[in-house]
Each structure stands twice: as structure tokens, then as C-alpha cells.
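We name chains A, B, ... by the order of the sequence lines, and we start the count at 1 in each one. Note that the structure is a prediction, hence the values are computed from the model and not measured.
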Amino acid sequence: MIMDFLHIKHVSLTYGQIRILDDIDLVVSKGEFVTIVGPSGCGKSSLLKMVTGIQAPSEGEILFQGEAITDIDAKRGMMLQEATLFPWLSVRDNISFALKMKSVSRKEQVRQADAYLDLMGLSEFADHLPYQLSGGMKQRTALARTLINRPEMIMMDEPFSALDAFTRKSMQKLLTQIWKDFQTTFLFVTHDVEEAITLGSRVIILSARPGKVIEDLSIGTEKKEAAARIFTLLEQ
Amino acid sequence: MEDNCLRMQEVNTIRSIKYVGISIFTLLTFLAGWYFVAESGLVSPLFVPSPVRVWETFLAICFGEGYKGSSLWVHLGVSLYRIGLAFVLATLIAVPLGLVCGYSKTLQAMISPLVHFYRPLPPLAYYTVLVIWLGIGDASKVALLFFAGFAPIFISCQSAIEEINPSRVIVARTLGASTRQVFFHVIVPSCLPQIFTGLRTSLGFIYTTLVAAEMVAAISGVGWMVLDASKFLQSDVMFVGIILMGITGLLIDAVFNIIEKKIIPWKGRGE
């Protein structure tokens with residue numbers, strides 16, 4: 001039997017009397033860009049927390065590369081709505097944080113961080129502190145900080161929802177490019193349908209609480225481009 | 001955009017120059033008023049010595065025969081030594097203890113009640129006990145100042161740990177940080193701004209307790225000088241002492257400010 005990359009096996013979540021998630025059963029393959037979209041309060045963030053390993057499901061289990069998720073693992077990177085950068089570290093040192101934790105030599109840290117700074121268009125800001133950055137630059141720093149650790153999967157919890165429309169668009173473009181280049185698996189939670197369709201190779205729609213999977217759609221490149229055109233037209 | 005930033009900076013500088021000007025003006029008005037009141041003979045020099053007289057006394061204590069056998073610098077030096085020693089001891093003990101108590105609820109339950117019991121006590125209330133235990137030398141004085149400075153550092157360190165954004169720790173762990181690395185690379189730096197606030201409050205408390213500490217059986221120190229001079233109604237000496245303590249306090253605070261801006265420039269600016 002081929003081992004599934006990520007298997008969310010009949011997972012439910014209950015807080016006291018409230019049922020948040022109801023029997024979620026999903027298999028995510030390596031290299032997919034899965035977006036999870038649903039109304040607020042449908043438990044999509046909770047689902048992501050469980051995959052991260054900071055929240056245990058009430059029922060069912062989640063297998064990552066065949067092993068049950070019980071704790072945070074560096075193989076699964078994450079990005080939140082808030083960039084959550086380390087305010088005392090420069091942009092460069094924020095990006096190279098994971099390398100420092102692995103005791104990589106300082107020279108190598110700088111070399112790799114500089115490559116990511118270049119990729120993110122942040123080279124000019126390498127020595128700035130996070131508070132000196134705009135919202136979009138903060139998220140690009142956070143993205144680079146996650147990527148440098150080469151995680152097998154990246155979980156994102158509405159990372160662009162606090163950004164203005166223009167910045168959000170450019171971040172989405174950047175993320176799509178990175179997905180193509182890095183071939184990392186993404187699990188991306190959003191309440192924005194347009195964003196879900198623009199980014200995802202597969203879109204999962206959750207119902208209102210208790211959250212249930214009501215649609216599971218694969219979106220080919222052609223359909224995606226069509227959708228993007230429609231959105232652009234609608235805007236005009 | 002950068003141009004705008006520069007212009008904003010210029011506007012800010014002009015504004016701050018304006019406010020500094022207002023402060024200097026207040027100070028000069030105050031000095032002029034003081035001079036007028038003292039020189040006009042409206043008030044006895046016993047209550048308000050003239051600023052000229054205070055200045056002369058300052059020079060005399062400073063460069064002349066000093067006060068009661070020691071120059072002003074010796075008095076100031078002795079006081080600063082007591083403050084410094086107490087502050088360093090309080091920092092070395094309260095910072096790690098506070099951080100650990102923020103981490104471990106058990107330790108917190110053990111130590112917190114003691115700190116919260118003694119913290120609101122007026123220092124003079126337990127000073128007498130310290131003198132009985134430690135004698136009338138420097139030890140009891142430093143101990144008093146130590147206790148004055150300990151609580152604010154301890155409490156701020158403890159609450160600093162409790163207020164850390166949990167996402168920061170989670171993100172660090174997804175980046176491969178071990179528990180130990182999380183402590184040294186995330187928790188400790190996250191706490192720095194609050195630790196600094198605690199240190200600053202602590203130094204303030206120590207400073208205000210200084211006069212009390214030097215009231216008992218001292219023969220040196222700025223606080224002692226003021227109290228001793230009051231016994232002989234030497235109001236000019238008292239004024240010199242009080243003004244000097246004020247200026248020293250301001251300087252200490254200013255140095256703290258500079259260090260703080262150097263070490264934690266991100267303080268109060270979000271993430």
C-alpha cells in the first residue's frame with residue numbers, strides 16, 4: 001500500500017457542548033496546494049491547529065507520512081495571519097532562525113538567508129528590524145523564514161487577510177510561483193473564495209459549524225486561469 | 001516616500017526643539033522666581049536660601065572643605081555605591097527567579113506570597129529589623145535598598161513570561177527550536193522590554209529609599225548630608241543636596257533610556 005502524505009482520518013472536534021468539526025476525512029497528496037475555505041467559525045483554523053500538532057482531535061486521528069501527529073514538527077512549517085516575526089532580530093536573522101537552531105555556521109546562515117532575501121525582494125531591508133517593515137514585507141519575511149527550513153508541508157492560516165488588496169494580490173502571485181519552484185505541499189486556510197480558487201490546485205469547502213466537507217474540487221491550470229480572468233473582469 | 005519620511009523627521013525635530021524650549025523657559029522662570037523671592041527679603045533665607053547662596057555652597061562643598069570632612073563627590077560616591085550594589089544584587093537574583101516563577105506555577109505559588117507580602121511595606125518599617133540583624137554599617141543599608149529594588153524586577157519578569165504571545169513559541173518550534181532553544185532564543189528576548197521596565201522602576205524605588213537608608217547611623221552619603229544639615233538649619237546645604245539628588249536621578253534615568261534604545265529598539269513598536 002502506498003503511504004498517504006497526509007491523512008486526516010474521520011476527525012471530529014468538540015469543545016464542551018459545541019461541535020466544531022464533524023467527521024472530516026481527507027487525503028492530501030505530496031505537492032498539492034490545498035485551500036480550505038469556509039465561513040468564519042467553521043473550524044478551519046482548528047483543523048490547521050490539529051495538523052500542526054498543537055490541538056488533539058476529539059475523535060479520529062491525523063497521519064502524516066504514516067505517523068500520527070502528536071506534537072509540533074519542523075517538517076511542517078506554518079504561517080499565521082500575523083507574521084509573528086521575532087522583533088529583536090533583523091530581517092536576515094529572522095529568516096535564518098531555523099538554521100541557527102540547527103547550529104549551521106554563521107557564514108552559511110548569511111549565504112542562505114541572502115538568497116531568500118533576494119527571492120523575496122527584501123535585500124535592501126536585510127538589516128532592518130521587523131517594526132520598520134510594511135505588512136506585506138513582514139509576511140514575505142515570515143514566508144522566507146518558513147521556506148529556509150525546507151519543510152515538507154506548509155500550513156497557512158489566512159496569512160494575507162490583514163493585507164490591503166493590492167499587496168494581497170502580489171503575495172498570492174509570489175506564493176504560486178514559490179509553490180511551482182519549491183514543489184512543497186500547502187494547506188492554506190482562508191475565508192476568501194476568490195483567494196481559495198486563485199491559489200489552490202484543490203479547493204475544499206467547509207460548511208458552517210459544525211464544519212463538514214461539502215465540496216472537494218480539483219482545479220486544473222486551465223480552469224484556474226479562466227477563473228482568474230473572470231475575477232479580473234468582475235473587478236472592472 | 002522616503003522623501004516624506006525625511007520631511008516628517010524634520011518636522012518632528014522642529015517640534016521637539018520647540019518643546020525643549022518650553023521646558024527651558026519654565027526652568028528659567030522658576031529660577032528667576034526663586035531668586036526674586038529670596039533676594040527681596042519676603043521670605044527668611046532660613047526657609048528659602050538665595051540661588052546664589054546655594055551655588056556658593058555647592059562650590060564650597062564640591063571643591064572647598066566639603067561637608068563634615070568629606071567632599072560632595074565622596075558623599076555622592078558613597079550613595080551611588082550603595083545604590084549600585086543593591087541594584088546589581090537585586091537584578092542578579094530577581095531576574096532569574098522571576099523568570100523561573102513565570103514558568104513554573106509551583107515555584108510561583110511558593111515565592112509569590114512572600115514577595116507580595118513585603119512589597120507594600122514601607123521600607124522604614126522593616127529597616128529597624130535589618131539594622132538589628134546586620135548592624136549599622138553598609139550591610140543593612142544595602143539590604144534595605146536591595147529589598148526595595150527586588151519586588152518590581154521580580155514581578156515584571158514573572159508577568160513578562162505570562163504575557164508572551166504563544167504563537168511566537170509555536171512558530172519557533174515549527175522552525176525546529178528545542179525547549180532549551182525556545183527559552184534562550186525566544187522567551188528571554190521576548191521578556192527584555194518588560195524586564196527593562198522592571199529594572200527602571202526598581203532603580204526608582206531604590207533611589208527614593210536611599211534617604212531613608214542613610215537616616216540611621218550614617219556619616220556619609222547625599223541623603224545623610226541633607227538630613228544632617230536639617231538638624232543645623234543649613235538650608236543652603238539641604239538645597240544643594242536635594243538639587244543634586246534630582247539631577248543625579250535624571251541622569252540615571254537618561255543613561256537607562258540610552259541603554260534601552262540600544263538594546264531593545266523595538267520596544268513598544270509592535271512586531
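Residues B/Ala172 and A/Phe86 approach most closely at CB-CZ, 4.0 Å, considering heavy atoms.
Salt bridge absent: B/Arg173 and A/Asp73 never bring a charged side-chain N and a carboxylate O closer than 4.0 Å.
With values rounded to the nearest 0.5 angstrom, B/Ser167 atom OG is found 9.5 Å from A/Asp157 atom CG.
More than 12 non-hydrogen atoms from other residues, nucleotides or ligands lie less than 6.0 angstrom from CZ of A/Phe182. Around atom NZ of A/Lys173, no more than 12 heavy atoms belonging to other residues, nucleotides or ligands sit under 6.0 Å away. For B/Phe205, the CZ atom is loosely surrounded, since the number of other residues' heavy atoms within 6.0 Å does not exceed 12.
Both the backbone and the side chain of B/Ile170 come within contact range of chain A, judged by heavy atoms closer than 4.5 Å. For a residue to count as touching a neighbouring chain, one of its non-hydrogen atoms must lie under 4.5 Å from one of that chain's; by this rule A/Ile72 touches chain B with backbone and side chain alike.
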Given A/Glu82 and B/Asn165, is the side-chain contact (heavy atoms from CB on, under 4.5 Å) satisfied, shown in steps? CA-CA 11 Å; A/Glu82 294 293 322; B/Asn165 177 2; over 6 Å; no
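B/Arg168 places none of its side-chain heavy atoms less than 4.5 Å from the side chain of A/Leu85.
Chain A is approached within less than 4.5 Å, heavy atom to heavy atom, by B/Thr174, B/Leu175, B/Gly176, B/Ala177, B/Gln181, B/His185, B/Val186, B/Pro189, B/Ser190 from residues 174-202 of chain B, ordered by number.
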